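Some notes on the structure that comes next.
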Amino acid sequence: MKKPRHVISLKDFTAEEIKEILAKAAEIKANPEKYAETLKDKTLIMLFQKSSTRTRLSFEAGMTRLGGHGIFLDQKTSQFALTDFSDEIKAVLRFGDILMFRAMQAADVEKAAEVSHIPVIDACSEKYHPCQTLGDLLTMSEDAGGLDKIEKVAWLGIQNNVSNTLKLACSKLGIEVSIIAPEVNEASVDEELNKIADKTGLVKETLDLKEGLEGVRYVHTDTWMDMEYFEDGKVKDEFKDVYKKRKELFKPYQLNAKLLEDNCPEAKVMHCMPCHVGYEISRDAIDHSNSLIFDQAENRMHAQNGLMVWLMEQMKK
Ligand code: CP
């Protein structure tokens with residue numbers, strides 16, 4: 001049986017493969033009727049250990065568009081809490097053609113991939129968010145008129161799972177990446193990924209806004225606060241201190257209209273969402289004429305459709 005490709009960190013993907021996936025995404029987006037039965041009789045299992053709006057919707061709607069079916073499974077309403085993860089995941093894998101897994105830990109995605117006969121996709125762990133990166137690249141490519149026209153992007157705020165995969169893929173594709181972040185989310189650190197990105201010579205870190213944003217065409221940011229800090233929309237007691245500390249530390253790096261005007265007035269506003277308005281991004285940036293954030297949200301689906309079709313094609317090769 002053909003060994004599946006797994007999509008965990010994008011470390012093992014070449015620039016050519018990333019371009020192939022994005023070209024497929026663009027082709028499917030432009031010709032939806034042509035691909036309406038491409039994944040007919042295929043099942044995507046969507047396993048969530050954390051909450052989601054975009055990831056769930058984009059994968060499920062994407063499968064509908066491609067003629068397949070998505071099954072949503074979460075921690076609360078499945079039996080994962082009652083048993084050994086390794087056994088339960090082996091059973092889950094018997095029912096689908098692709099597994100997308102939003103896991104608390106990337107190690108569990110790796111564990112699933114090790115025993116899997118079908119492609120496994122990391123749908124946002126503490127270390128990686130490859131689908132977000134593919135959607136972001138598709139959005140920037142559409143806006144710029146081609147991947148090769150994206151010269152420089154900036155990441156503002158905290159270095160985390162989203163910045164990891166964005167930095168890695170952009171640098172592999174020859175795009176300059178400017179990181180303006182006073183702190184790294186410790187749980188997200190992957191030294192191997194950092195080495196691969198650094199080796200390109202395209203990643204620069206600075207805390208100087210003027211220097212970091214010079215010549216930047218796309219400014220990305222993400223929440224300064226981790227998903228784990230919240231329950232029912234409120235900050236959990238044990239995270240109240242770190243929440244307060246981060247709010248002060250990151251304040252100068254908020255993505256807002258004045259920051260754009262002062263440093264890079266032509267740059268586009270990018271946010272993977274959900275937005276914490278008034279924290280990492282202001283209302284005037286979300287609603288700015290340069291904002292691409294809702295295109296970014298929609299492009300999660302188109303990018304993932306390209307990815308799922310590509311993964312199924314790899315199984316046949
Ligand atoms: N950007 C993103 O992954 O959104 P969700 O957490 O809503 O899925």
Side-chain angles (χ1 to χ4, degrees), residues 7-10 21 25 44-64 70-76 98-106 108-109 120-140 153 155-170 185 187-188 218-236 239 255 268-277 279-281 285-286 291-308:
V7 187
I8 297 176
S9 64
L10 296 178
I21 293 164
L44 169 72
I45 298 168
M46 308 191 304
L47 176 57
F48 285 86
Q49 289 179 340
K50 293 189 273 188
S51 57
S52 163
T53 301
R54 277 143 295 274
T55 301
R56 179 176 178 182
L57 284 170
S58 57
F59 269 108
E60 197 163 335
M63 273 312 262
T64 304
I71 299 178
F72 174 78
L73 204 59
D74 74 355
Q75 188 80 3
K76 277 188 194 151
I98 304 178
L99 169 71
M100 66 113 287
F101 185 8
R102 170 161 287 194
M104 296 298 288
Q105 298 195 330
D108 278 341
V109 187
V120 174
I121 301 171
D122 182 320
C124 185
S125 60
E126 88 287 16
K127 285 193 166 31
Y128 316 115
H129 202 349
C131 297
Q132 186 64 51
T133 291
L134 292 172
D136 294 352
L137 283 167
L138 182 63
T139 308
M140 293 189 288
V153 306
W155 179 269
L156 204 58
I158 190 164
Q159 293 198 58
N160 63 7
N161 49 357
V162 181
S163 67
N164 277 349
T165 31
L166 183 72
K167 159 177 98 171
L168 179 68
C170 284
N185 182 332
S188 75
Y218 300 93
V219 187
H220 293 251
T221 192
D222 186 13
T223 176
W224 304 328
M225 314 301 176
D226 298 349
M227 283 182 191
E228 289 71 39
Y229 293 0
F230 303 93
E231 195 164 41
D232 299 328
K234 291 203 176 91
V235 184
K236 291 183 199 163
F239 293 116
L255 178 48
K268 300 294 168 69
V269 174
M270 310 286 292
H271 193 306
C272 57
M273 303 183 83
C275 302
H276 288 79
V277 186
Y279 290 80
E280 77 277 0
I281 193 162
I286 295 170
S291 171
L292 295 181
I293 68 172
F294 299 105
D295 295 331
Q296 254 183 293
E298 181 189 327
N299 273 336
R300 283 290 304 278
M301 177 180 72
H302 301 298
Q304 289 156 194
N305 284 359
L307 175 63
M308 291 192 290

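All figures in this text were calculated on a predicted structure; none of them were measured in a lab. Just so you know, ligand 1 is whichever comes first in the structure, and atom 1 is the first atom listed for that ligand. All residue numbers in this chain count up from 1 along the given sequence. When reading the values below, keep in mind they use all heavy atoms of this one structure, side chains included, and skip hydrogens, waters and symmetry mates.
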When rounded to the nearest 0.5 Å, the distance separating CD1 of Ile71 from CG of Leu47 is 11.5 Å
Using only atom types and a distance under 3.5 Å, with no angle test, would you say the side chain of Asn160 pairs donor to acceptor with the backbone of Ser163?
yes
Ligand 1: which residues have a non-hydrogen atom closer than 4.0 Å?
Ser52, Thr53, Arg54, Thr55, Arg102, His129, Gln132, Met227, Cys272, Met273, Arg300
Closest approach of Asn185 and Ile158, non-hydrogen atoms and distance?
N-CG1, 3.9 Å
Indicate yes or no for a side-chain donor-acceptor contact from Thr165 to the backbone of His129 under 3.5 Å, with no hydrogens or angles considered.
yes
Pick from Phe59, Phe72, Phe101: which one makes a ring-ring contact (aromatic ring centres under 6.0 Å, His included) with Phe48?
Phe72
Electrostatic pair Glu228-Lys50, nearest N-O below 4.0 angstrom:
yes
